[in-house]
Enquirer: 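I have a structure here, written as structure tokens, and I will follow up with some questions on it.
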Amino acid sequence: MKTWNKKRITKSEIEELQKRYGIDPITASILVRRNITEGKDLLFYLENDLRFQHSPFLFANMEDAVDRILQALEEKEKVLIFGDRDVDGITSTTVLYQELKRMGIDVTYRLPIGDDAYGLTNQIIDEFAANFGSLIITVDCGIANIQEAKHCEELGIDLIITDHHEAQDELPQPAIILDPKTSDSGYPFKGISGCAVAYKLVSALRFSRSELYKQEICLMNIEPMKDSYKIQCLKTKNLVPVTKLEETIIPGLISISQTRLPRFLQGQQIYIWDKDTTQKLLKGAFGSNVEFNFYDIRNDVCRLIPSVKDTSLLRIKDMSRIAKYGNHPSTEIGGFYNIFVSFMQANLKSIFPDYQKNEDEDLQLVALAALADIMPMENENRIFIKHALNLFNSKSNSTRKGLRELFALMNMFGKTIDSTKLGWDVVPALNAAGRLGRADVAAQLFLSEDGIEREKVAKEILELNSQRKSLTQEAMNYTSIQAENSLEQYNNKMCVVIDQRINRGVNGLLAGKLSSQYNVPAVSICFLGDQCIGSIRAKRGVNVQPVLKQFDIFTAWGGHEAAAGFTFNKKDLPEFESKLKKICMQLELEQCQDSDTINVDAEIPESYMNANLFSVIDRLEPYGNKNDPLVLMCSGMTVCDGTCFTGSKEKPHLRLLLQSGQTKWPAMFWNEGERLNRDFSIGDKVDILFQLQRNFFNGVEKPQLILQDIRKSVM
């Protein structure tokens with residue numbers, strides 16, 4: 001019998017979130033139970049605007065990367081983009097390649113195909129050098145290419161590395177590195193995909209088309225106090241705050257030369273809001289002999305953002321949506337900065353008509369990459385994916401070329417597309433191409449200008465996905481005995497399979513399935529010539545990076561905390577197995593979670609049990625890593641009808657019709673058909689735990705409950 005765990009929370013906790021953020025009580029209770037109560041976290045659950053993503057110029061090396069690419073444009077250099085073979089690498093390559101082509105750069109791209117090795121190699125560098133190339137940009141790879149970076153230097157080739165994998169102790173040098181996981185990256189969120197890093201570079205390149213690129217602009221505001229004036233200045237560069245200054249001036253007691261203002265403002269472009277009011281207040285602070293050279297930006301802003309016309313900064317600070325998520329009181333200079341950034345971004349889109357279209361196309365790929373690489377569904381990843389979902393669900397021509405043809409073949413148009421559908425249906429299909437050595441096919445899907453060709457490629461991708469499914473299942477079948485036996489050999493801390501029949505393309509998938517089946521970290525090893533190719537997947541709190549760092553036999557390795565790959569010589573296989581067994585003697589696994597306990601996110605009153613409940617479900621999209629689908633509870637529902645049916649594995653399922661108030665709900669209870677007329681019967685009142693889904697049947701989309709558990713109501 002399963003335990004239902006509904007975490008106790010207080011009414012005041014719910015009401016506090018309701019009042020401050022204007023959300024309904026159900027959403028508030030869910031967020032409280034999930035410990036999402038800090039403004040900096042709530043921002044990404046409650047807001048959709050791209051304004052809330054992080055600036056690309058927070059990367060410490062972003063200007064260097066942009067300047068080097070602009071130099072390549074000016075000098076008409078040959079540029080090579082090198083990416084990984086998976087969805088993240090293919091989408092990263094597409095996003096950067098398309099932008100460099102639009103800029104007029106002589107750019108080519110290359111992805112590993114067939115049995116090509118992972119990552120940049122000296123052979124690829126040599127071939128590029130022979131073609132008089134001078135700049136290589138890696139996407140979704142490169143952070144482990146120490147020797148290859150040195151080889152680039154030897155040949156006079158510059159290297160920009162955009163990656164998101166874990167950085168090792170030594171970094172590639174010389175190279176311009178954009179990787180949020182390096183200690184000095186400067187970027188505030190480590191959990192973005194490789195495609196998101198490439199998108200950040202592209203965003204910075206687009207910004208470099210404006211006159212604001214690398215320009216320092218100082219925002220200045222003066223506020224009257226009781227017996228003094230407060231002057232606040234905020235210096236920005238590329239729309240990012242650099243430094244700030246605050247001075248309190250008591251008229252007649254201090255001259256401007258005795259303040260820090262002259263030095264701080266020297267050589268700056270100074271923007272203010274409302275020239276007449278500012279001049280009057282400055283005169284009150286310093287007298288009529290002091291003049292400031294500034295520009296009143298208010299009228300410019302009002303042309304693009306009419307809602308702030310005739311509005312003071314005092315009012316604007318209270319209007320700011322981003323300010324309410326801060327952990328300190330909003331300020332006038334903070335409101336000025338927020339409206340300044342919003343204006344500049346809107347201005348860019350008005351100057352460059354293709355800006356929004358290109359950004360929309362990029363973000364659809366960024367969303368797929370985040371889901372494919374199982375990035376955490378938090379922070380700006382949520383903004384990226386929500387934006388893409390809005391595009392997918394608005395109308396078919398909002399979907400970018402390539403995805404449009406794939407979605408059509410998968411019969412997705414006309415249905416609501418959510419993160420689960422993307423992650424379970426679309427991502428595996430796209431990943432299949434790279435796994436089976438055809439990453440070039442997936443890139444062709446996104447880059448081809450010929451609609452007929454894209455449709456042909458989409459069909460090929462779906463065929464490759466069918467092959468991938470067959471290869472994975474075959475590998476599970478012929479490694480099952482070895483997998484079971486390996487547990488004892490590895491101290492019941494790891495599952496290990498080694499087999500020459502394993503297709504390299506499903507190595508990682510096999511490790512992932514074994515990890516899920518046995519609830520321990522898993523390793524899958526196949527062979528390519530005299531090389532062993534390995535994949536490892538984490539489980540129960542294990543970070544695979546420290547595990548792999550203990551081996552000195554690897555010829556290449558890298559990845560994330562939860563998933564990684566490695567290569568070593570076949571002759572070293574006995575040493576690998578021996579050392580891994582020793583590691584497993586010391587390996588610490590988290591205690592297994594109680595599979596009989598179900599955590600409940602919220603209890604839904606009868607008045608909420610209608611189709612409008614989807615507004616709560618959809619608001620907390622996307623679901624995935626670190627944001628599991630909601631499990632809701634409803635009490636006292638009536639069982640109106642129930643039938644059992646047998647699935648492919650011959651375990652009976654249960655189809656029910658449940659009623660709450662005036663609404664009847666179709667419900668599915670997988671693998672639990674025997675519970676009808678044993679634990680409850682037709683006509684009974686029951687309490688249920690469920691997930692809410694949309695079921696598309698005969699051209700009509702209807703709500704459906706997916707039951708997690710059911711029990712008779714206690715009257």
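Bear in mind that the values here come from a model prediction, so they are computed numbers and not experimental data. The analysis underlying the following values was restricted to heavy atoms, covering all of them including side chains, and did not include hydrogens, waters or symmetry mates.
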Enquirer: Between Gln467 and Glu463, is any side-chain donor less than 3.5 angstrom from a side-chain acceptor?
Expert: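 Distance-only check fails for Gln467 and Glu463.
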Enquirer: Between Phe566 and Phe576, does the ring centroid distance fall short of 6.0 Å?
Expert: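 Between Phe566 and Phe576, the centre distance is under 6.0 Å.
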Enquirer: Decide yes or no for Thr420 and Leu422: does some side-chain heavy atom of the first lie under 4.5 Å from some side-chain heavy atom of the second?
Expert: no
Enquirer: Can you tell me if Thr646 uses its side chain to pair, donor with acceptor, with the backbone of Pro652 under 3.5 Å?
Expert: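 No.
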Enquirer: Could you state the interatomic distance from NZ (Lys570) to CD1 (Ile533), rounded to the nearest 0.5 Å?
Expert: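 The CD1 atom of Ile533 is 11.5 Å from NZ of Lys570, to the nearest 0.5 Å.
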Enquirer: CD1/Ile383 to CD/Glu378 distance, rounded to the nearest 0.5 angstrom?
Expert: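 One finds 13.0 Å between CD1 of Ile383 and CD of Glu378.
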Enquirer: Compare every heavy atom of Met494 with every heavy atom of Leu587, then report the nearest pair and how far apart it is.
Expert: CD2-CE, 4.0 Å
Enquirer: Looking at side-chain heavy atoms only, is the closest gap between Val366 and Thr91 below 4.5 Å?
Expert: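 No, side chains not in contact.
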Enquirer: Would you mind checking if Asp116 and Arg85 are paired as a salt bridge, meaning a charged N to carboxylate O distance below 4.0 Å?
Expert: no
Enquirer: May I ask you to check whether over 12 heavy atoms, not counting those of Lys415, lie within 6.0 Å of atom NZ?
Expert: yes
Enquirer: Look up atom CD in Glu561 and atom NE2 in His165, then write down how far apart they are to the nearest 0.5 Å.
Expert: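 Answer rounded to 0.5 Å: 12.5 Å.
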Enquirer: Quick test of your reading of the model: are Glu474 and Arg501 salt-bridged, counting only N-O distances below 4.0 Å?
Expert: no
Enquirer: Going through the checks in order, is the side-chain contact (heavy atoms from CB on, under 4.5 Å) test met by Thr567 and Tyr118?
Expert: CA-CA 9 Å; Thr567 304; Tyr118 168 84; over 6 Å; no
Enquirer: Between Glu575 and Ile553, is a side-chain contact (heavy atoms from CB on, under 4.5 Å) present by the stated rule, with each step listed?
Expert: CA-CA 9 Å; Glu575 181 181 346; Ile553 60 173; 3.4 Å; yes
Enquirer: If you compare all heavy atoms of Ile385 against all heavy atoms of Pro622, which two are closest, and at what distance to 0.1 Å?
Expert: CG2-CB, 3.6 Å
Enquirer: Under a 3.5 Å cutoff, is there a donor and acceptor pairing between the side chains of Gln473 and Asn477?
Expert: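 Per modelled atom types, Gln473 and Asn477 side chains form a pair under 3.5 Å.
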Enquirer: For Ala483 and Leu514, which heavy atoms make the closest approach, and how far apart are they?
Expert: CB-CD2, 3.9 Å
Enquirer: Do the side chains of Lys181 and Asp179 get close enough for a salt bridge, i.e. N-O under 4.0 angstrom?
Expert: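 No, Lys181 and Asp179 are not salt-bridged.
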Enquirer: For side-chain contact (heavy atoms from CB on, under 4.5 Å), just list the numbers for Arg468 and Leu509, CA-CA rounded to whole Å, side-chain angles, deciding distance to a tenth of an Å, and then say yes or no.
Expert: CA-CA 10 Å; Arg468 186 268 309 169; Leu509 289 173; 3.3 Å; yes
Enquirer: If you define the side chain from C-beta out and look only at heavy atoms, does anything of Leu120 sit under 4.5 Å from Ile125?
Expert: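 They are in contact (side-chain heavy atoms under 4.5 Å apart), so the answer is yes.
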Enquirer: Decide yes or no on ring pair (Phe, Tyr, Trp, His ring centres under 6.0 Å) for Phe551 and Phe568, but give the supporting numbers first.
Expert: CA-CA 10 Å; Phe551 291 88; Phe568 59 91; 7.9 Å; no
Enquirer: Just by distance, do the side chain of Glu488 and the backbone of Asn485 share a donor-acceptor pair under 3.5 Å?
Expert: no
Enquirer: Please examine the side chains of Asn145 and Leu159, heavy atoms only from C-beta on, and report whether any two atoms are closer than 4.5 Å.
Expert: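 No, every pair of side-chain atoms sits at 4.5 Å or beyond.
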Enquirer: Can we call the ring centroids of Phe82 and Phe128 under 6.0 Å apart?
Expert: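 Ring centroids of Phe82 and Phe128 are no less than 6.0 Å from each other.
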Enquirer: Looking at every non-hydrogen atom in both residues, tell me the closest pair between Met476 and Lys513 and how far apart they are.
Expert: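 Nearest pair, atom of Met476 first, then Lys513: SD-CB, 3.8 Å.
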Enquirer: With a 4.0 Å cut-off, would you call Asp552 and Lys579 a salt bridge?
Expert: no
Enquirer: Measure the CD1-CD1 distance between Ile136 and Ile124 for me, rounded to the nearest 0.5 Å.
Expert: 8.5 Å
Enquirer: Mind telling me whether Trp670 and His653 have parallel, tilted or perpendicular rings, with 30° and 60° as the class edges?
Expert: perpendicular
Enquirer: For Val139 and Tyr97: C-alpha separation, side-chain torsions, deciding distance, then whether side-chain contact (heavy atoms from CB on, under 4.5 Å) applies.
Expert: CA-CA 10 Å; Val139 291; Tyr97 176 79; over 6 Å; no
Enquirer: Might you confirm whether atom CD1 of Ile374 has over 12 heavy atoms from other residues, nucleotides or ligands at distances under 6.0 Å?
Expert: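 At most 12 heavy atoms, drawn from other residues, nucleotides or ligands, come within 6.0 Å of this atom.
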Enquirer: Please answer whether the main-chain N or O of Leu589 pairs with a side-chain N or O of Arg540 as donor and acceptor at a distance below 3.5 Å.
Expert: no
Enquirer: Which pair of heavy atoms, one from Pro112 and one from Gly83, lies closest together, and at what distance?
Expert: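 Smallest heavy-atom distance, with atoms named: CD-O, 3.0 Å.
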Enquirer: Does a salt bridge link Lys401 with Glu449, judged by any charged N lying under 4.0 Å from a carboxylate O?
Expert: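 Salt bridge between Lys401 and Glu449, a charged N being under 4.0 Å from a carboxylate O: yes.
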Enquirer: Do the side-chain N and O atoms of Glu701 and Thr416 include a donor-acceptor pair separated by under 3.5 angstrom?
Expert: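 Their side chains do contain a donor-acceptor pair, which is all the 3.5 Å distance test asks for.
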Enquirer: Within the distance-only criterion (no hydrogens, no angle test), does the side chain of Lys469 pair as donor or acceptor with the backbone N or O of Asn465 below 3.5 angstrom?
Expert: no
Enquirer: Whether the side chain of Asn381 engages the backbone of Met377 through a donor-acceptor N/O pair (distance < 3.5 Å, no angle test) should be reported.
Expert: no
Enquirer: So Phe645 and Met668, do their side chains get closer than 4.5 Å, heavy atoms only?
Expert: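 Yes, their side chains come closer than 4.5 Å.
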Enquirer: Would a 4.5 Å heavy-atom cut-off, applied to side chains only, mark Ile157 and Leu135 as touching?
Expert: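 No; the side chains remain at least 4.5 Å from each other.
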Enquirer: Is a donor on one side and an acceptor on the other found under 3.5 Å between the side chain of Ser92 and the backbone of Asp88?
Expert: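 Judged by distance alone, yes, a pair lies under 3.5 Å.
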Enquirer: Please report, to 0.1 Å, the donor-acceptor pairs under 3.5 Å made by any side chain of residues 190-202, with sequence neighbours excluded.
Expert:
unit_1 : atom_1 : unit_2 : atom_2 : d
Lys190 : NZ     : Pro180 : O      : 3.4
Ser193 : OG     : Cys195 : N      : 3.4
Ser193 : OG     : Ala196 : N      : 3.0
Tyr199 : OH     : Gln53  : OE1    : 3.4
Tyr199 : OH     : Gln53  : NE2    : 3.2
Tyr199 : OH     : Glu359 : OE2    : 3.0
Lys200 : NZ     : Gln53  : OE1    : 3.0
Lys200 : NZ     : His54  : O      : 2.7
Lys200 : NZ     : Tyr187 : OH     : 3.2
Lys200 : NZ     : Glu380 : OE1    : 3.0

Enquirer: Determine yes or no for a side-chain-to-main-chain donor-acceptor pair under 3.5 angstrom, with Arg34 supplying the side chain and Asp628 the backbone.
Expert: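 Such a contact is found between Arg34 side chain and Asp628 backbone.
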Enquirer: After noting the C-alpha distance and the side-chain angles of Glu127 and Arg110, does the key distance pass the salt bridge (charged side-chain N to carboxylate O under 4.0 Å, His left out) rule?
Expert: CA-CA 12 Å; Glu127 292 173 2; Arg110 186 160 177 173; 2.6 Å; yes
Enquirer: Atom CD in Glu170, atom CD1 in Ile143: separation rounded to 0.5 Å?
Expert: 11.0 Å
Enquirer: Answer yes or no: is there a donor N or O on one side and an acceptor on the other, between the side chain of Gln482 and the main chain of Ile498, under 3.5 Å?
Expert: yes
Enquirer: Between side-chain atoms of residues 521-532 and protein atoms elsewhere (two or more places apart, or another chain), which donor-acceptor pairs fall under 3.5 Å?
Expert:
unit_1 : atom_1 : unit_2 : atom_2 : d
Ser524 : OG     : Asn507 : OD1    : 2.6
Gln531 : NE2    : Asn569 : OD1    : 2.5

Enquirer: Any Lys/Arg nitrogen of Glu460 or Arg438 sitting under 4.0 Å from an Asp/Glu carboxylate oxygen of the other?
Expert: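 A salt bridge is present here (some side-chain N lies under 4.0 Å from a carboxylate O).
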Enquirer: Could you tell me the separation between the CZ atom of Arg382 and the CZ atom of Phe44, rounded to the nearest 0.5 Å?
Expert: 10.0 Å
Enquirer: Is there a donor-acceptor pair under 3.5 Å between the side chain of Gln98 and the backbone N or O of Leu96?
Expert: no
Enquirer: Tell me whether Asn491 contacts the main-chain N or O of Lys493 through its side chain, where contact means a donor paired with an acceptor under 3.5 Å.
Expert: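 No; judged by distance alone, with no hydrogens or angles, the pair does not exist.
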Enquirer: Leu580 versus Lys582: any side-chain heavy-atom pair under 4.5 Å?
Expert: no
Enquirer: Please name the pair of heavy atoms, one in Leu363 and one in Ala388, separated by the smallest distance, quoted to 0.1 Å.
Expert: O-CB, 3.9 Å
Enquirer: Does the side chain of Ser515 reach to within under 4.5 Å of the side chain of Val520, using non-hydrogen atoms?
Expert: no
